*Asks:* 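Okay, here's the structure, questions in a sec.
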Amino acid sequence: MTDHPFELIRGRKADSAVKPKHPLAELNSRNFAKYLTVFRPSRDVLESLLEKARPSIPGLTDCSAVLAVTNYNPDCVWAIARNRKFSPAVPSADGFVAMLPLNKKGMYQLATNALDTRRPDVALLTRPDERPAGIYIWATYAPGPLAGGVALFMDQMSSPAYAGVDLYTRPNTPDGFRFNETLGLTKGAKIGPIYAPHLYTFPRAPRTPLYDSYRKSSGTRAVTVTVARTFEDLVRVASLRSAVYIGEQECPYEEEFDGNDLAATHLLGYVGDEPAGCLRIRFFADFAKVERLAVRREFRNTRLAFQLVRAGIELCRKKGYRRLYGHAQKRLVNFWSRFGFKQFDGGHELVFSDFDYVEMVAELDKHPDAIGIGADPYVIIRPEGRWHVPGVLERSANRAATRPSVQEQVADHPMTQHPAQEQAA
């Protein structure tokens, strides 16, 4: 949008020290999600935001250039709003973060300082379902406390299409340099064979999927999620749901354990090493049903419920699903709407286990690396939810194919005996 992006967060002035005070990798979005929201702005919201930002960002490009980019990839601009002022029905915002997801040609132009950031060529950008070669922070406008929206923006950059992709900036004022260093970006970037001293970069390691983030005895109180894979895991799931649904909501046993648990995938949520929540997913022809979300009472001050739902959505997308379906208790419709679930025309209201529900559906973006026919066959036979690491069957491929049981059966079969032996018999 301008020649000096990512230096225009109008909060407290960046400290002159180069030691990162607020490293991007350590920004805790939970602290800011209490009072801030990020969303993809409509045309009207975007036009309003650009007008608000013009006095603070000299040389800001015109709205038509920004709209051309967002029409090509809506992920390029994220609006920042205060929760107390935000209404999903009539959204408005006071700040934004804009980025350009560059393909290889775009990265070459960025490295050679030839990229036109005032009117970017969309041929140099990736679509939402394509993985970029690099992410260029186009511009940031976040006055005062809205600066915390950067942490929420980084959450969005942890989606499968963008996770692990390096970030690049191009500041050109002293305040801009200091602000980049305050966030932990380093001067200079190596892009292919080209060294680009005019860029700042934030390298990002490949991210472990949300649905496989739990590691036993990590020594922290981290909120993590894993797929239930063992009978002991299923006991944990049953214990959690018994405490929440049977104990708190007085659901009859036979209604809670409804005969579908062995036909489903279960996610287990942990706080530290303590099982604290769970989610069930059942898969149908062209949609997946998300259900039985439960979090123990003592852990509801964490964001485990959010983490479980996000992990479930990510797992479904990885398996190629683009539509999710669920029954939401009426009192929790707003919660589910935060993840893109909506009531739909013709949807029913229903009552079971003494609660009233509505049908909701979420339409998902295509996962850029969704598993399907044509994928690496070894990936398909890896354990559920661990498609990103080699599995035990994959490791067994190092052994020769000796076919031991087949050889024994062939040797013992009467039709394989030598004809002379048969005649002699």
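This is a predicted model, so every value here is computed, not measured.
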*Asks:* Show, in sequence, the C-alpha distance, side-chain angles and deciding distance for Asp212 and Lys318, and conclude whether the salt bridge (charged side-chain N to carboxylate O under 4.0 Å, His left out) test is met.
*Replies:* CA-CA 13 Å; Asp212 192 39; Lys318 181 68 175 177; over 6 Å; no
*Asks:* Counting distance only, does the side-chain N/O of Ser48 pair as donor-acceptor with the main-chain N or O of Asp44 below 3.5 Å?
*Replies:* no
*Asks:* When you measure from the centre of the six-membered ring of Tyr141, is the NZ or CZ of Lys52 closer than 6.0 Å and no more than 45° off the axis?
*Replies:* no
*Asks:* Count the heavy atoms belonging to other residues, nucleotides or ligands that lie under 6.0 Å from NZ of Lys187, then report whether that count exceeds 12.
*Replies:* yes
*Asks:* Taking Lys34's backbone N and O only, do any of them form a donor-acceptor pair with Asn83's side chain (distance below 3.5 Å, no angle check)?
*Replies:*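 Pair found, side chain donor or acceptor close to backbone of Lys34.
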*Asks:* Check the pair Asp258, Arg292 against salt bridge (charged side-chain N to carboxylate O under 4.0 Å, His left out), reporting the backbone distance first and the verdict last.
*Replies:* CA-CA 11 Å; Asp258 56 354; Arg292 295 300 200 274; 3.1 Å; yes
*Asks:* Whether the Ser64 and Asp62 side chains hold a donor-acceptor pair (N or O, under 3.5 Å, no angle test) is what I'd like checked.
*Replies:*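 The criterion, which ignores hydrogens and geometry beyond distance, is satisfied for Asp62 and Ser64.
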*Asks:* With side-chain contact (heavy atoms from CB on, under 4.5 Å) as the criterion, how do Ser242 and Tyr253 come out once you've worked through the C-alpha distance, each side chain's angles and the decisive distance to 0.1 Å?
*Replies:* CA-CA 8 Å; Ser242 294; Tyr253 177 90; 5.6 Å; no
*Asks:* Take a 6.0 Å sphere around OH of Tyr378 and say whether it holds more than 12 heavy atoms from other residues, nucleotides or ligands.
*Replies:*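 Atom OH in Tyr378 is not packed in, count stays at 12 or less.
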*Asks:* Using the side-chain contact (heavy atoms from CB on, under 4.5 Å) rule, take Ile246 and Phe257 through it: C-alpha gap first, then chi angles, then the decisive distance, then the call.
*Replies:* CA-CA 10 Å; Ile246 297 178; Phe257 298 102; 3.8 Å; yes
*Asks:* Between Leu332, Leu324, Val333, Val290, which is the residue that forms a side-chain contact (heavy atoms from CB on, under 4.5 Å) with Met360?
*Replies:*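 Among Leu332, Leu324, Val333, Val290, the one meeting side-chain contact (heavy atoms from CB on, under 4.5 Å) with Met360 is Val333.
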*Asks:* Check for a donor-acceptor pair, side chain of Arg204 on one end and backbone N or O of Met157 on the other, with a separation under 3.5 Å.
*Replies:*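 Here the side-chain-to-backbone pair exists.
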*Asks:* Verify the ring-centre separation between Phe284 and Tyr325: is it less than 6.0 angstrom?
*Replies:* no
*Asks:* Are side-chain heavy atoms of Asp75 and Gln156 found at a separation under 4.5 Å?
*Replies:*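 No, every pair of side-chain atoms sits at 4.5 Å or beyond.
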*Asks:* How long is the straight-line distance from CH2 of Trp336 back to CD of Gln329, given to the nearest 0.5 Å?
*Replies:*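 Answer rounded to 0.5 Å: 10.5 Å.
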*Asks:* Return the minimal non-hydrogen interatomic distance between Glu298 and Asn301, and the atom names on each side.
*Replies:*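 Nearest pair, atom of Glu298 first, then Asn301: O-OD1, 3.6 Å.
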*Asks:* Taking the side chain as every heavy atom from C-beta outward, state whether Leu234 and His266 have any atom pair closer than 4.5 Å.
*Replies:*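 Yes; the side chains approach each other to less than 4.5 Å.
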*Asks:* Is any NZ, NE, NH1 or NH2 atom of the basic residue among Asp261 and Arg241 found under 4.0 Å from an Asp or Glu carboxylate oxygen of the other?
*Replies:* yes
*Asks:* Search all heavy atoms of Pro128 against all heavy atoms of Asn73 and return the closest pair with its distance.
*Replies:* CG-OD1, 3.4 Å
*Asks:* Heavy-atom count check: over 12 atoms from other residues, nucleotides or ligands less than 6.0 Å from Lys366 NZ?
*Replies:*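 Result for NZ/Lys366: open.
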*Asks:* So is Arg127 actually on top of Tyr72's ring, under 6.0 Å and inside 45° of the axis?
*Replies:* yes
*Asks:* Is any side-chain heavy atom of Val97 closer than 4.5 Å to a side-chain heavy atom of Met154?
*Replies:*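 A side-chain contact under 4.5 Å is absent here.
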*Asks:* Could you check whether any side-chain heavy atom of Leu46 comes within less than 4.5 Å of a side-chain heavy atom of Arg43, counting everything from C-beta outward?
*Replies:*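 The answer is no, as the side chains (C-beta and beyond) never meet within the 4.5 Å cut-off.
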*Asks:* Taking 4.0 angstrom as the limit, do Arg310 and Asp155 come out as a salt bridge?
*Replies:*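 Salt bridge flag = no for Asp155 with Arg310.
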*Asks:* Are the side chain of Asp116 and the backbone of Asp121 linked by a donor-acceptor contact shorter than 3.5 Å?
*Replies:* no
*Asks:* For the side chain of His198 and the backbone of Leu110, is there at least one donor-acceptor N/O pair under 3.5 Å apart?
*Replies:*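 Yes, His198 side chain to Leu110 backbone: donor-acceptor pair under 3.5 Å.
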*Asks:* Between Glu314 and Arg317, is the closest basic N to carboxylate O distance under 4.0 Å?
*Replies:* no
*Asks:* Flag the pair Arg40 / Trp78 as yes when at least one side-chain heavy-atom distance between them is below 4.5 Å, and no otherwise.
*Replies:* yes
*Asks:* Any idea which heavy atoms bring Pro91 and Phe86 closest together, and the distance?
*Replies:*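 Looking at all heavy atoms of both residues, the closest pair is CB-CE1, 3.6 Å.
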*Asks:* Heavy atoms, side chains only, cut-off 4.5 Å: are Lys319 and His367 in contact?
*Replies:* no
*Asks:* How far does NZ of Lys289 sit from CZ of Arg282, to the nearest 0.5 angstrom?
*Replies:*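 Result: 5.5 Å between the selected atoms.
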*Asks:* Is the shortest side-chain N to carboxylate O distance from Arg323 to Asp286 below 4.0 Å?
*Replies:* no
*Asks:* Closer than 3.5 angstrom, by distance alone: can the side chain of Glu359 be matched with the main-chain N or O of His348 as a donor-acceptor pair?
*Replies:*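 At least one qualifying donor-acceptor pair exists.
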*Asks:* Is a side-chain N or O of Asn103 found less than 3.5 angstrom from the main chain of Gly106, in a donor-acceptor match?
*Replies:*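 Here the side-chain-to-backbone pair exists.
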*Asks:* Please step through side-chain contact (heavy atoms from CB on, under 4.5 Å) for the pair Leu167 and Met99, ending with a clear verdict.
*Replies:* CA-CA 9 Å; Leu167 305 181; Met99 63 91 174; over 6 Å; no
*Asks:* Roughly how far apart are Leu240 CG and Cys278 SG, rounded to 0.5 Å?
*Replies:*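 Leu240 CG to Cys278 SG: 5.0 Å, rounded to 0.5 Å.
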*Asks:* Let's go through Asp129 and Asp365 carefully: what are the C-alpha distance in whole Å and the side-chain angles of both, what is the deciding distance for side-chain contact (heavy atoms from CB on, under 4.5 Å) to 0.1 Å, and is it a yes or a no?
*Replies:* CA-CA 7 Å; Asp129 59 349; Asp365 293 333; over 6 Å; no
*Asks:* Nearest 0.5 Å, what's the CD1-CZ distance between Ile135 and Phe202?
*Replies:*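 Going from CD1 on Ile135 over to CZ on Phe202, the span is 11.0 Å.
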*Asks:* Mark yes or no for whether Arg131, through its side chain, and Pro368, through its backbone, hold a donor-acceptor pair below 3.5 Å.
*Replies:*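 The answer is no, because no donor-acceptor pair under 3.5 Å joins these two groups.
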*Asks:* Where does the angle between the aromatic ring planes of Phe306 and Phe339 fall among parallel (under 30°), tilted (30 to 60°) and perpendicular (over 60°)?
*Replies:* tilted
*Asks:* CZ/Phe341 to CD/Glu363 distance, rounded to the nearest 0.5 angstrom?
*Replies:* 10.0 Å
*Asks:* Which pair of heavy atoms, one from Arg338 and one from Ala33, lies closest together, and at what distance?
*Replies:* NH2-O, 4.5 Å
*Asks:* Within the 4.5 Å heavy-atom criterion, are Pro41 and Val77 side-chain neighbours or not?
*Replies:*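 Pro41 reaches Val77 side chain to side chain.
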*Asks:* Measure the CD1-CG distance between Ile380 and Leu393 for me, rounded to the nearest 0.5 Å.
*Replies:* 13.0 Å
*Asks:* Should we say atom NZ of Lys105 is surrounded by more than 12 heavy atoms from elsewhere, each under 6.0 Å from it?
*Replies:* no
*Asks:* Do any N or O atoms from the side chain of Arg221 and from the backbone of Gly272 form a donor-acceptor pair under 3.5 angstrom?
*Replies:* no
*Asks:* Do Ile191 and Tyr168 come close enough that some side-chain heavy atom pair is under 4.5 Å?
*Replies:*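 Side-chain contact under 4.5 Å: yes.
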*Asks:* Quick check: closest heavy atoms across Pro383 and Gly391, and the distance to 0.1 Å?
*Replies:* CD-CA, 4.2 Å
*Asks:* Pick from Thr224, Thr226, Asp273: which one makes a side-chain hydrogen bond (donor to acceptor under 3.5 Å, both in side chains) with Tyr214?
*Replies:*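 Single side-chain hydrogen bond (donor to acceptor under 3.5 Å, both in side chains) partner of Tyr214 among Thr224, Thr226, Asp273: Asp273.
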*Asks:* State whether the side chain of Thr201 and the backbone N or O of Thr186 hold a donor-acceptor pair below 3.5 Å, judged by distance alone.
*Replies:*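 Pair absent, no side-chain N/O of Thr201 close to backbone of Thr186.
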*Asks:* Looking only at heavy atoms, what is the nearest atom pair of Gly385 and Leu315, with distance?
*Replies:* CA-CD1, 4.4 Å
